[in-house]
Asks: 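Below is a structure I'd like to ask you about.
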Amino acid sequence: MELDERKMKILQAVVRNYLETGEPVGSRTISKYTDLNLSSATIRNEMADLEEMGYIVQPHTSAGRIPSDKGYRLYVDCMLREKEKEVDEIKELLLEKEEKLDDLLKQAAKALAVNTNYATMISSPRFHQNKLKFIQLSRVGSGQLLAVIVTEGNVIKNHIIETAETFDDEALLKLNLLMNTNLTGLSVEEINLSMISVLKKQAGVHSDIIGNVLDAVAEAIRSDDDLEIYTSGANNILKYPELADRERAGELIHTFEEKQPLTELALGSLASENTGIRVYIGDEAPVESLRDCSVVTATYEIEDGIKGTIGIVGPKRMDYDRVVGTLKQLKNQLDDLYSKG
């Protein structure tokens, strides 16, 4: 029998309150916990119906109710349906948006190289101080769990967790509830040892898996795999005699082809509290292979907390006025374009 909206809200309130406190839940608590504006008497009647239907149970006479396995199952199935729908919608939206952004940043890097006659790089945007939105654990094979992790900015990461433990549906159900109830909305820095200890205690015989899941969450939140670097104009370096000898030019060209040093440059820029124009001359450059050059960087922001790095690399005698002016203009264009969209 399908629950009406009122019964479903009361069941959800019972489950959430019980997950938070570990104590049986009474009608008076529910009357404060929901937005239904119902009297305690009406809630008692609805809870009696839910008990008769097998969704909640009364562990002791005169005590409140706790969710049954059937109640947990309905709660989680509804939650997962909503989250899966949200994830599907996010994927579709992101694919469309990422394709447009990908093309835009490639064109911007190319235009910047043409306008300045130097080498240029632009990083894709990433969240600063990323937070967890949702975790879903499911079995994918013998000794393996799949952790689907959705982080702020709607970035979706899949991680396979190897485990010697076996998990039935109810064990996975309770782990999913435990994780999402306690971790949603937190950054890695906010997940402290005390919290981990409580989670492991609540997970009981499956406490060992908590550490593995938290490692996967930390990797998803801190991962730089999704940081794309778009470059253009590397051959412009050869136009400047002081950078054109074989060894220097080869090292610089390799930096722009291999891109890992540019990823480090972008991450260093994003980690800085200074989001304005920064100029590095010679040995000041944060990347070893760029220390015969001047590097000018700026941070653009397309939404609150979602930032990327723009960089221009040229000789120490670069036209700083022109470079800074061009960089400011592009930064402002990117800021404005996405703050409106």
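Only a predicted model underlies this, so the values are computations on that prediction, with no experimental measurement involved.
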Asks: Is there a path of hydrophobic side-chain contacts, each under 4.5 Å between heavy atoms, that joins Val198 and Leu214?
Replies: no
Asks: Could you tell me whether Glu242 and Lys316 have a side-chain N and a carboxylate O separated by less than 4.0 Å?
Replies: no
Asks: Is the count of non-hydrogen atoms from other residues, nucleotides or ligands lying under 6.0 Å from Lys70 atom NZ greater than 12?
Replies: yes
Asks: Hey, could you give me the CD/CZ distance between Gln144 and Phe167, rounded to the nearest 0.5 Å?
Replies: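 It comes to 12.5 Å.
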Asks: Could you verify whether a donor N or O on one side chain and an acceptor N or O on the other, from Ser269 and Arg278, lie under 3.5 Å apart?
Replies: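 Checked: Ser269/Arg278 side chains pair up, N/O donor to acceptor below 3.5 Å.
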Asks: Between Asp292 and Arg248, is there a side-chain N and carboxylate O pair less than 4.0 Å apart?
Replies: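 Salt bridge between Asp292 and Arg248, a charged N being under 4.0 Å from a carboxylate O: yes.
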Asks: If every non-hydrogen atom of Val205 is compared with every non-hydrogen atom of Glu165, which pair is closest and at what distance?
Replies: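 Distance-wise, the nearest heavy atoms are O-OE1, 3.6 Å.
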Asks: What's the spacing between Arg65 CZ and Ile30 CD1 if we round to 0.5 Å?
Replies: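 One gets 10.5 Å once the value is rounded to the nearest 0.5 Å.
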Asks: Is any side-chain heavy atom of Ile277 closer than 4.5 Å to one of Thr297?
Replies: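 When only atoms from C-beta onward are counted, Ile277 and Thr297 do not touch, as no gap falls below 4.5 Å.
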Asks: So which heavy atom on Ala298 is nearest to which on Lys331, and how close?
Replies: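 Nearest pair, atom of Ala298 first, then Lys331: CB-CD, 4.1 Å.
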Asks: Going from NZ on Lys9 to CD on Glu46, what distance comes out if it is rounded to the nearest 0.5 angstrom?
Replies: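 Here the interatomic distance stands at 12.5 Å.
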Asks: Side chains of Thr42 and Ser39: do they bring a donor and an acceptor to under 3.5 Å?
Replies: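 On atom types as modelled, these side chains qualify, holding a pair under 3.5 Å.
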Asks: Less than 4.5 Å apart, side chain to side chain, heavy atoms only: is that true for Thr326 and Leu112?
Replies: yes
Asks: Carefully, step by step, assess Leu252 and Leu290 under the rule side chain to side chain contact (heavy atoms under 4.5 Å, CB included).
Replies: CA-CA 7 Å; Leu252 289 169; Leu290 301 180; 3.6 Å; yes
Asks: Quick check against the 3.5 Å criterion: does Thr181 have a side-chain atom that pairs as donor or acceptor with the backbone of Leu177?
Replies: yes
Asks: Would you mind reporting whether Leu183 and Phe134 have side-chain heavy atoms less than 4.5 Å apart?
Replies: no
Asks: Give a yes or no on whether Val114 and Leu104 share a hydrophobic cluster (residues Ile, Leu, Val, Met, Phe, Trp, Tyr; joining criterion: side-chain heavy atoms under 4.5 Å apart).
Replies: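 In one cluster with Val114: Leu104, no.
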Asks: Would you mind telling me which of Leu178, Asn180, Leu186, Thr184 makes a side-chain contact (heavy atoms from CB on, under 4.5 Å) with Asn182?
Replies: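 It is Leu178; the other options fail the test.
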Asks: Check this for me: does any side-chain nitrogen of one of Arg139 and Asp169 sit under 4.0 Å from a carboxylate oxygen of the other?
Replies: yes
Asks: Under 6.0 Å between the ring centres of Tyr118 and Tyr240?
Replies: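 Centroid separation for Tyr118 and Tyr240: below 6.0 Å.
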Asks: When you look at His159 and Leu146, which way does the side chain to side chain contact (heavy atoms under 4.5 Å, CB included) test go after all the steps?
Replies: CA-CA 6 Å; His159 286 261; Leu146 172 66; over 6 Å; no
Asks: Is the closest basic N to carboxylate O distance between Arg73 and Asp69 below 4.0 Å?
Replies: no
Asks: For Glu170, is there an ion pair with Lys174 - N to carboxylate O distance below 4.0 angstrom?
Replies: no
Asks: Kindly indicate whether the side chain of Leu50, heavy atoms from C-beta on, has any atom under 4.5 Å from the side chain of Ile10.
Replies: yes
Asks: Is there a path of hydrophobic side-chain contacts, each under 4.5 Å between heavy atoms of I, L, V, M, F, W or Y residues, that connects Met195 with Leu132?
Replies: yes
Asks: Taking atom types as modelled, is there a side-chain donor on Ser289 or Thr255 under 3.5 Å from an acceptor on the other?
Replies: yes
Asks: At what distance, to the nearest 0.5 angstrom, does CD1 of Ile66 lie from CD of Glu51?
Replies: 10.5 Å
Asks: With rounding to the nearest 0.5 angstrom, report the CG to CG distance, Leu173 to Asp77.
Replies: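 Reported value, rounded in 0.5 Å steps: 8.0 Å.
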Asks: Apply the test side chain to side chain contact (heavy atoms under 4.5 Å, CB included) to residues Leu175 and Ile210: give CA-CA distance (whole Å), side-chain angles for both, the deciding distance (0.1 Å), then the verdict.
Replies: CA-CA 9 Å; Leu175 275 175; Ile210 297 293; 4.1 Å; yes
Asks: For Asn212 and Ile161, indicate whether the former's side chain and the latter's backbone hold a donor-acceptor pair under 3.5 Å.
Replies: no
Asks: Is it true that, when you exclude Lys7 itself, more than 12 heavy atoms of the residues, nucleotides or ligands shown sit nearer than 6.0 Å to its NZ?
Replies: yes
Asks: What pair of heavy atoms forms the shortest contact from Leu105 to Ser123, and how long is it?
Replies: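 Nearest heavy atoms, Leu105 then Ser123: CD1-O, 4.0 Å.
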Asks: Do Ser27 and Met47 come close enough that some side-chain heavy atom pair is under 4.5 Å?
Replies: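 Side chain of Ser27 against side chain of Met47, heavy atoms only: contact under 4.5 Å found.
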Asks: So Ser197 and Lys201, do their side chains get closer than 4.5 Å, heavy atoms only?
Replies: no
Asks: Are the side chains of Thr231 and Thr120 in contact, using a 4.5 Å heavy-atom criterion?
Replies: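 Side chain of Thr120 against side chain of Thr231, heavy atoms only: no contact under 4.5 Å found.
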Asks: Can you check whether Leu38 reaches Arg6 side chain to side chain, under 4.5 Å on heavy atoms?
Replies: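 In contact.
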Asks: Return yes if a side-chain donor-acceptor contact under 3.5 Å exists between Thr309 and Tyr300, otherwise no.
Replies: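 Result is no, nothing qualifies.
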Asks: Is Leu238 reachable from Val295 through a run of hydrophobic residues whose side-chain heavy atoms are each under 4.5 Å from the next?
Replies: no
Asks: I need the minimum non-hydrogen distance between Ser138 and Leu172, along with the two atoms involved.
Replies: CA-CD1, 4.1 Å
Asks: Going hydrophobic residue to hydrophobic residue with side-chain gaps under 4.5 angstrom, can you get from Ile253 over to Tyr230?
Replies: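 Looking at the clustering, Tyr230 is in a separate group from Ile253.
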Asks: Could you check whether atom CD of Glu162 has more than 12 heavy atoms from other residues, nucleotides or ligands sitting under 6.0 Å from it?
Replies: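 Above 12, so yes.
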Asks: Determine whether a donor-acceptor pair (N or O, by modelled atom type, separation under 3.5 Å) exists between the side chain of Asn332 and the backbone of Lys328.
Replies: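 Side chain of Asn332 to backbone of Lys328: a pair is present.
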Asks: Identify the heavy atoms of Ser294 and Pro315 that sit nearest to each other, and give their distance.
Replies: CB-O, 3.7 Å
Asks: Taking all heavy atoms of Ile229 and all of Ala266, pick out the closest pair and write down the distance.
Replies: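 Between these two residues, the closest heavy atoms are CD1-CB, 4.2 Å.
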Asks: Could you tell me whether Asp321 atom CG has more than 12 heavy atoms of other residues or ligands within 6.0 Å of it?
Replies: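 No, CG of Asp321 has 12 or fewer neighbouring heavy atoms, counting only those of other groups under 6.0 Å.
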Asks: Apply side chain to side chain contact (heavy atoms under 4.5 Å, CB included) to residues Tyr72 and Tyr55 and explain how you reach the verdict.
Replies: CA-CA 8 Å; Tyr72 277 131; Tyr55 290 107; over 6 Å; no
Asks: Say you draw a straight line from CG of Leu11 to OG of Ser68; how long is it, rounded to the nearest 0.5 Å?
Replies: 8.0 Å
